[in-house]
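In what follows, chains carry the letters A, B, and so on, assigned in the order in which the sequence lines appear, proteins first and then strands, with residues in each chain numbered from 1. Hydrogens, waters and symmetry mates play no part in the numbers below; they use all other heavy atoms, side chains included.
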There are 2 protein chains.
Amino acid sequence: MELDQRKKIILKAVIRNYLETGEPVGSRTISKYTDLNLSSATIRNEMADLEEMGYIVQPHTSAGRIPSDQGYRFYVDTMMEEKDREVVELKEMLLERQDKMETLLKQVAKVVAQNTQYAAMISAPSTHRNKVKFIQLSRVNPEQLLAVIVVEGNVIKNNIINVAEELSDENLLKLNILLNTHLNGLSMEEINLGIISAMKQQAGVHGSLIGEVIDAVGEAIKADEDLEIYTSGTNNIFRYPELTDNGKASELVGTFEEKQQLGSLIQESLAEDAGTGIQVYIGDEAPIKSMKDCSVVTATYELGEGMKGTIGIVGPKRMDYDKVIGTLRTIQSKLDELYRNE
Amino acid sequence: MELDQRKKIILKAVIRNYLETGEPVGSRTISKYTDLNLSSATIRNEMADLEEMGYIVQPHTSAGRIPSDQGYRFYVDTMMEEKDREVVELKEMLLERQDKMETLLKQVAKVVAQNTQYAAMISAPSTHRNKVKFIQLSRVNPEQLLAVIVVEGNVIKNNIINVAEELSDENLLKLNILLNTHLNGLSMEEINLGIISAMKQQAGVHGSLIGEVIDAVGEAIKADEDLEIYTSGTNNIFRYPELTDNGKASELVGTFEEKQQLGSLIQESLAEDAGTGIQVYIGDEAPIKSMKDCSVVTATYELGEGMKGTIGIVGPKRMDYDKVIGTLRTIQSKLDELYRNE
DNA sequence: GTTAGCACTCAATCGACGGGAGTGCTAACA
DNA sequence: TGTTAGCACTCCCGTCGATTGAGTGCTAAC
């Protein structure tokens, strides 16, 4: 069977109506809702076809139809190609450029959640590929050294290193020069054991002590690379009974708290990034099982210097895709603006 | 009317039974539960008295009794003075000493939540009173300076400072000396505008540029003083219907996400700190209105060097106070141990 | 191909009903 | 005077059946 023009119109009408009301929609409603001027009986026939084709389902025999995952997928796909979304006006949108990345991200998550009334999450941009700008090792007291590493994008990492034996001023200076000449300009992912052992070799004699310090610096660089994720509006899920019935709320809240679980979503979204960077996952399409009754819309953003992160919105399948995608587009461009002329 | 010995026994029996079952408890149950050898009729009379005195209430006419807030309060108070709690064995309790405070705190929250099956929160110790150990200003590039401040307890703060005009090596060195001589050994709360302007004065001529830098350092020290709070086990609240019925879940989850709201609790707990540092808030006693159906148990902890923070456990009023308090005691001593010989 | 009509299905709602847990009160007992 | 057995009463809760109403599928006529 083929999805002809009329079927498409009816399918869209069903979905749009369901998005609004959250109730199964019957043939009579569609008969009046659309301007097709068809009787409910005709619509009934078409709807039976659509059901057979898998776009809509009946929750029980004598109820109206609701969209299946396949139906949502159709809707989202056609919607995405149809028109350029108008830019959504964000309520109280004030993104000031923050020194602290953390503050900015929390702010974005909050704005997005408030605006859409769904749950929002945002991952900090990964800095693997950012280059080291500056390294400094200083003595805090005889047994403690402080290593500070500044990376492009003004990301700062630091680490306190405990040493058994005091390092002479001369050696400290040498070490600083060594570290800077070897590591400056390298991206964090390029700094590997090979480079570190090369440095150790060049440092020569003092093997053990200096070696330890070099290792510690290497660790400081590698550390903290677990992706940080911030969430907001988790309690918006309570607006949608289909997400909170039967103890589903507990699972979802748990997932949002254990932010590591959200990682897979972030990864996938970054990987799939095509064109606009906006992705829609419906039900099982998302790689997180507790979200099987949700839809997830993700957008990748870029903060100058190639630092990429992901924003995600989680809501019921009957979410207002149009608005959500519009909001994400707006945020994308605002962030881009904010950091373009760094 | 007086709360005589027998009434106390009955009251405790009612409460203990209710804690176990979560069901209203009737006179017959108590008659068998206790070894008073009284008939249910006698118990009924006593229970009527207890109700009149406000220790227990009936959810409806023909139901058993449940403890009122006043009843819980009595129970907790007598329990606290009764005996030394035996030490609770924590499941999989492995607190390794972490370099990163954040990791340690998240770990503690998680352990506590898993152990008690309630929601847990923990505030990072405030560092107002910690003394500055080390300050360093370095040039990252001609327009950017990096300020690093190390505070007792190895708390590290840093800030990138943008300058309009390059600072000479000589001036940078002077500044470093100036900063260290003036600020080293002072606690963060002692560093105020007076001290900062004194430094500016001493710096003399270069007023504007150097003044700006000094201000920026001052800001870096003051910044980030909003208390950080970590939570875990939020979804444990779903184990207790009385906390999640009628949309209460949404409120509670919201409170846990907006961690700032938890601040008042932390403050109060730190302020009230008496003796053991353990506090119990029942219902309205807690300063957060979304917790009016909860009980909250807080404990202050100390990580050497006078860094104090608070751990809080939030659960239903019928929480297992005994276990919760035991767990908190154990955590307190483990943390103390961990940092005692710094 | 479209539509009116009709029988059918099934979830949701409502009221009636009975069981059960628990109470308060009274009267009898030690 | 304190304790207890007995009893009527209250009220929650689950079950059952009837009713309602929205919606469907099918058939026959247009």
Protein-nucleotide distance (A:Met47, atom CE; D:dG23, atom P), rounded to Å: 9 Å
Quiz question: by atom type and distance under 3.5 Å, do the side chains of A:Ser290 and A:Thr255 form a donor-acceptor pair? yes
Rounded to whole angstrom units, what separation is found between the NZ atom of A:Lys32 and the C1' atom of D:dA22? 12 Å
With nearest nucleotide decided by heavy atoms, which residue, A:Gly26 or B:Thr42, maps closer to the 5′ end of DNA chain D? B:Thr42
State which of C:dG24, D:dT3, D:dG25 makes the closest approach to the side chain of B:Ala48. C:dG24
What is the distance, rounded to the nearest whole Å, between atom CZ of B:Arg65 and atom P of D:dC11? 14 Å
Side-chain heavy-atom pair B:Leu3, B:Tyr55 within 4.5 angstrom cut-off: yes
Classify the ring geometry between B:Tyr72 and B:Tyr18 as parallel (under 30°), tilted (30 to 60°) or perpendicular (over 60°). tilted
Which nucleotide in C:dG24, C:dC10, D:dG25 has an atom nearest any side-chain atom of A:Ser62: C:dC10
What's the CD-P distance between B:Glu52 and C:dG24, to the nearest Å? 11 Å
Checking base pairs now: Watson-Crick or wobble, both atom distances under 3.5 Å. What partners D:dA28? C:dT3
Under 4.0 Å between a side-chain N/O of A:Arg28 and OP1 or OP2 of C:dT3, yes or no? no
Let me know the distance between NE2 of A:His60 and P of D:dT24, rounded to the nearest Å. 11 Å
Please give, in whole Å, the distance from D:dC26 P to A:Glu51 CD? 12 Å
Among the candidates C:dG24, D:dT4, D:dG25, find the nucleotide nearest to the side-chain atoms of B:Ala41. D:dT4
Per side chain to side chain donor-acceptor pair (under 3.5 Å), B:Glu285 is matched among B:Gln279, B:Arg73, B:Lys292 by B:Arg73
Could you walk me through whether A:Tyr240 and A:Cys294 pass the side chain to side chain contact (heavy atoms under 4.5 Å, CB included) test, one step at a time? CA-CA 10 Å; A:Tyr240 312 97; A:Cys294 303; over 6 Å; no
Which nucleotide sits closest to the side chain of B:Thr61: D:dC11, C:dG24, D:dT4? D:dC11
With a cut-off of less than 4.0 Å, is there a side-chain N or O of B:Ser27 near OP1 or OP2 of C:dT23? yes
Between C:dA4 atom P and A:Leu38 atom CG, what is the distance in whole Å? 11 Å
From CZ of A:Arg44 over to C1' of C:dC8, roughly how many Å is that when rounded to an integer? 12 Å
